[in-house]
Structures are given as C-alpha cells and as structure tokens.
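To keep things clear, I will list the structure first and then write my remarks on it.
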Amino acid sequence: MKQTSTSCNVASTDSAEWQAGRDYDAEILDYEALVNRCMGNLDFVDRVLMKFHERLPLDLEELEQALAGQDAQLVQRLAHRIKGTAANTSAKGLQHIAQEIEDMGHSGCLAEIPARIQAFRKEWERVQAWSASVLSKTTSQ
Amino acid sequence: MRVLIVEDDDIAAGMLENALLEFGYEVTTAHNGCEALELIRSGLYQLVISDWEMPEITGIEMCRQIRAQQYNSYIYIILLTGRKGTQNVVEGLSAGADDFVNKPFEPQELLVRLRAGERILSLESRELVIFSLAKLAESRDPDTGAHLERIREYCRLIGEHLSQKKQFRDMVDGNYIQLIYLTSPMHDIGKVGIPDNVLLKPGKLTPEEFEIMKQHALIGFKTLDAAVNVQPDAKYLWMARDIALTHHERFDGSGYPHHLFEEDIPLCGRILALADVYDALTTKRVYKPAFSHGKAKDIILLEMKGQFDPNVVEAFEEKENRFIEIKEHFNDEAEKQQSGCASIERVHGMNV
C-alpha cells in the first residue's frame, strides 16, 4: 500500500497527543490494574510479565520484517496484536505507540513507522527496567 | 458453567482463563475460530467469549457461522474488542454477537456480563424443559387431563393473593409467582418411579400400594435434588424440589412423607397442596366422579379443615370465582379437543 500525505496526518496528531500526555503520565506500567486483571495472584502476574518479555521482542522483529516488506496489512495486524498484549499487561505507553503503528498500517502510511518503532523500543527499555526491578523484588520476598 | 474462550493471543487467553477459573467457571480455550467452531459442535458450550480480531476466522465471522448452524441450544457470544463506535456495535450485533467487553478486560465487568448471559440462557431453556419433563411424567397417568395446566394457574392465583398480604410481601413477589407457575407442574415428577400396577390401578389402593405410591414425593425430591447439586444457582430447581417433596404434607402434620407441621412446610408446598386437592376433587378419576366446585369447597373448608394453611385457604375463598373459571375453561378445552375442534385462545388473562 502506498502512503498518502493526508492519511499520515492522523497518526501525527495522535503522536503529538501522546507525547503531551506522557509528561504527566509517568507510570510505565499500571501495576495495580495488572494485578487486578490477574485477580490478585502475584505469581501469575510474574508469569505474565515473563511471558510478555519473552514474546515482545519476537513480535517486534516480525513487525519490522513486515515493514521491510511494505506489507501494510500485516503491519496493522501485528501492531494490533502487540497493542492487545501491551493493553492486557497495562503497559500504557507501549499500547499507545502500538495503536499509532496500527493506525498507520491501516492507512498505508508506512513512512513514519520506523520512528514510532524507535519510540516503542525506547519505551520497551523503560518497561524492561521497571519490570526487572519489580520481578527482583517479588522473587526476593 | 462451561465457558469457551476464543483468543489467539496466549497472554490474553491465559489472563481470561485465570479470571474465569477464579470466578468458578469451567474453562476451555480455543486459539482460533476453526478450533472454536469444532468445540461448539460438541454441544458442550453455550457461553463463548471471543476476540474480535483473529487470523483466518475473525470473531465476527465465527458469530455468523454459529448463527447459521442454528444449534438446538442457544450459544451466547461475548466479543472482546478494542473497537469503539456505533458502526462496530452494529456490525457485531448483526453478525450475531450478544454482548461486548472492552479490551483490556476488567474482571468484574466480565463477570457481570457473563452472569447476564447465564440469565438469558436459563430463561431460554428452563420453561420448556420443566414443562416437558412434567408432561412426560404425567403421560403415564392419562386420567388427569390438563391437570398441570390447571395446577399452575391455581398456584399463580393463590400466589397473587398472598403477595398482597403484608406478612408475605417480602417473600411472595412477582418473581416468586413466576417461579411457582413454572415449577408447580413438576410436583408429581416422582411418579415416573411408581410401578404401573400401582399408578394405573383402577380402584382403591391397598395400604401397601399406598405406601408405594407415597414414594413419589421422595423420588421427585431426589431427582430434583441431584439437579440442584449440579446447578445450585438455579432458584427454580430449589422450588421444584421443595414442591415435589412437600406437596402432600399437611398443615396439621397429617401429611407425608415427613409429617411436617405448619411453617415447617415450605410455602410453595402449602400452596400446591390446596391446588392439587382442589383439582383432584373437581376432576373425574377412575375411582370417583368430578365433584362440583361447591362440594370441593365444602370438603376443603370443612372435612379437611386444618390440613391447609389458613392463608392459602383464604386466598382460595377470595379467588374462588377465578378457580371456577379456570376449571371450566380447561373442561371446555378438553371437550373441544375430544370433538376435534381444539383451539388455542386467551381467556381471562391466562396463557393457554
């Protein structure tokens, strides 16, 4: 799919909104929401986070391959999946960037996606660092 | 209750499964639409939670295929979606989805939506099942005509009267009246366990035979108690069980099987006791002719004095004209059926 200048405007606006929101939304991962979704089972929370950490790099790699192949539909589908996983684990920043990438894939606007993937990776590092501290705390207890 | 989760994302599937197990559901997970459709064909699943976006068969397509199959049991489908907007809701409902849950799911929201689904499913099946089972039991005893149809009308009448009385207001509400209307036809379901030579004997039973006949209350109780154990949330099964066990108990303790007294007999059993006796008195049986309403009333008020709950007797007296109407209506129906011109009609607000 070829991108058009008009279809890319939507993603840019979303991105600006997210950047603005990020200043006051310092929470990397809403742990309370995650624990609630896991019915208060902390062992299960750990397992979910570990699974998340195993899978996300693979999903990201697949996404980059789809992007390299200019397969907008696959980009959209993979970004949707990543968004869902991020949402379930309450990683709101990741969820938001994945949503942007999904929207770009949907509109065929692939040119801006590498920048968003870069932002995603940065956010992913924050999540990893945060998770590592949480997991080390819970395992040492 | 069993729930089928259809989710291609293993993290999401695991979280859903964990929450539903915690809520007490039996859970099976299918990782794509094809696997889900295979499982649904087994007939084991009536409650399905499915992701919308899935490779190959989407949640929407799966809904369409389920509806196209027209399964005997209704399948209640909840779609999980991050989609918003009226257009998506319309698309989902048009495809056959029953409800939506936003992604990421909130456990408490999911639970109330599942409960709503369970209510729909129980409403769909219970009335038909109850009456069919009751009719099956009654079919061994062809002498009783439209006994079940009359009984439930009498019980509803008594319930309506009691609901107006202060002392019963907390217990007898619209739901109670609906439940007794639904479950009263089950009172004699235990008769399926009574041998033909006793059940169909064209004459008075010997004391030994009567002892065997009395077993029907316990047989009905045990049957319905097993159902209660399988589905303890189903209030109608509790009432059906109580009715089966206690409809031959008498207010003065002279009944069976446990010789219960007064309020120890559940109210539904006390209501049914009078309705059942009135019907037996006013219809023809192999061992007696049909008595008039007046004679039946005298027997209930005078000869059987003390055997029925005074509040139920009062309801009977207050509503006696409606008792007569119901009795005559079903007699007319029986005559019409015998003369080959049966018709279904609505009279006096009764569903017949």
Side-chain angles (χ1 to χ4, degrees), chain A residues 14 29-59 62-63 66 71 73-96 98-103 105-106 127 131, chain B residues 3 5-27 29-33 49-61 78-85 87-88 91-92 100-115:
Chain A
D14 279 356
L29 193 145
D30 186 345
Y31 190 66
E32 202 179 312
L34 174 60
V35 171
N36 178 51
R37 200 166 295 119
C38 294
M39 306 297 289
N41 182 339
L42 297 181
D43 287 340
F44 187 69
V45 170
D46 286 355
R47 289 207 299 277
V48 166
L49 285 175
M50 278 191 265
K51 185 93 186 164
F52 183 42
H53 282 259
E54 276 169 28
R55 221 188 65 191
L56 201 119
L58 303 174
D59 285 349
E62 244 187 292
L63 178 70
D71 187 341
Q73 211 174 0
L74 187 57
V75 165
Q76 184 197 349
R77 195 155 60 75
L78 291 168
H80 176 82
R81 193 169 79 183
I82 293 169
K83 180 190 76 179
T85 310
N88 274 316
T89 46
S90 302
K92 291 180 176 176
L94 289 180
Q95 179 190 345
H96 195 95
Q99 173 74 69
E100 289 178 337
I101 297 171
E102 184 185 349
D103 292 344
H106 179 69
V127 171
S131 300
Chain B
V3 180
I5 295 171
V6 192
E7 174 61 82
D8 62 320
D9 182 320
D10 50 356
I11 292 178
M15 291 173 95
L16 281 166
E17 200 172 311
N18 179 59
L20 295 183
L21 287 171
E22 194 72 28
F23 288 136
Y25 289 97
E26 284 179 56
V27 183
T29 301
H31 296 283
N32 58 60
I49 302 172
S50 175
D51 191 13
W52 181 308
E53 311 273 354
M54 290 185 291
E56 295 168 32
I57 297 178
T58 64
I60 288 288
E61 181 54 30
I78 300 174
L79 278 181
L80 282 166
T81 177
R83 293 176 176 225
K84 294 191 171 54
Q87 198 184 335
N88 288 313
E91 187 186 355
F100 302 90
V101 168
N102 284 326
K103 288 173 83 174
F105 73 96
E106 290 300 327
Q108 289 305 324
E109 184 197 357
L110 184 62
L111 178 63
V112 294
R113 292 189 186 278
L114 282 166
R115 292 271 190 261

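Chain A is the first sequence line, chain B the second, and so forth, proteins listed ahead of strands; every chain is numbered from 1. Keep in mind it's a predicted model, so treat the numbers as computed, not measured.
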*Roughly how far, to the nearest 0.5 Å, is the CG atom of B/D8 from the CZ atom of A/R77?*
8.5 Å
*For B/R115, enumerate each residue passing the salt bridge (Lys or Arg N to Asp or Glu O under 4.0 Å) test, keeping only those at least two apart in sequence or located in another chain.*
B/E118
_To the closest 0.5 Å, what do you measure between CG (A/L34) and CE (B/M15)?_
5.0 Å
*asked:* Are there residues of residues 49-60 of chain B whose heavy atoms fall under 4.5 Å of chain A's heavy atoms? If so, which?
replied: B/E53, B/P55
_Heavy-atom pairs under 4.5 Å with chain A: which of B/D10, B/L16, B/L80 has the most?_
B/D10
*By salt bridge (Lys or Arg N to Asp or Glu O under 4.0 Å), which residues pair with A/E62, not counting sequence neighbours?*
A/R81
_Does any backbone or side-chain atom of A/R37 lie under 4.5 Å from a heavy atom of chain B? Answer side chain, backbone, both or neither._
both
*Answer yes or no: is there an ion pair linking A/R55 with B/D9, defined by an N-O contact shorter than 4.0 Å?*
yes
*Enter the distance from A/R47:CZ to B/I11:CD1 here, rounded to the nearest 0.5 Å.*
12.5 Å
*Can you sort out the partners of B/F105 under ring-ring contact (aromatic ring centres under 6.0 Å, His included), two or more places apart, ordered by chain and number?*
none
*Exercise: identify the closest heavy-atom pair between B/P107 and A/N36*: CG-O, 3.4 Å
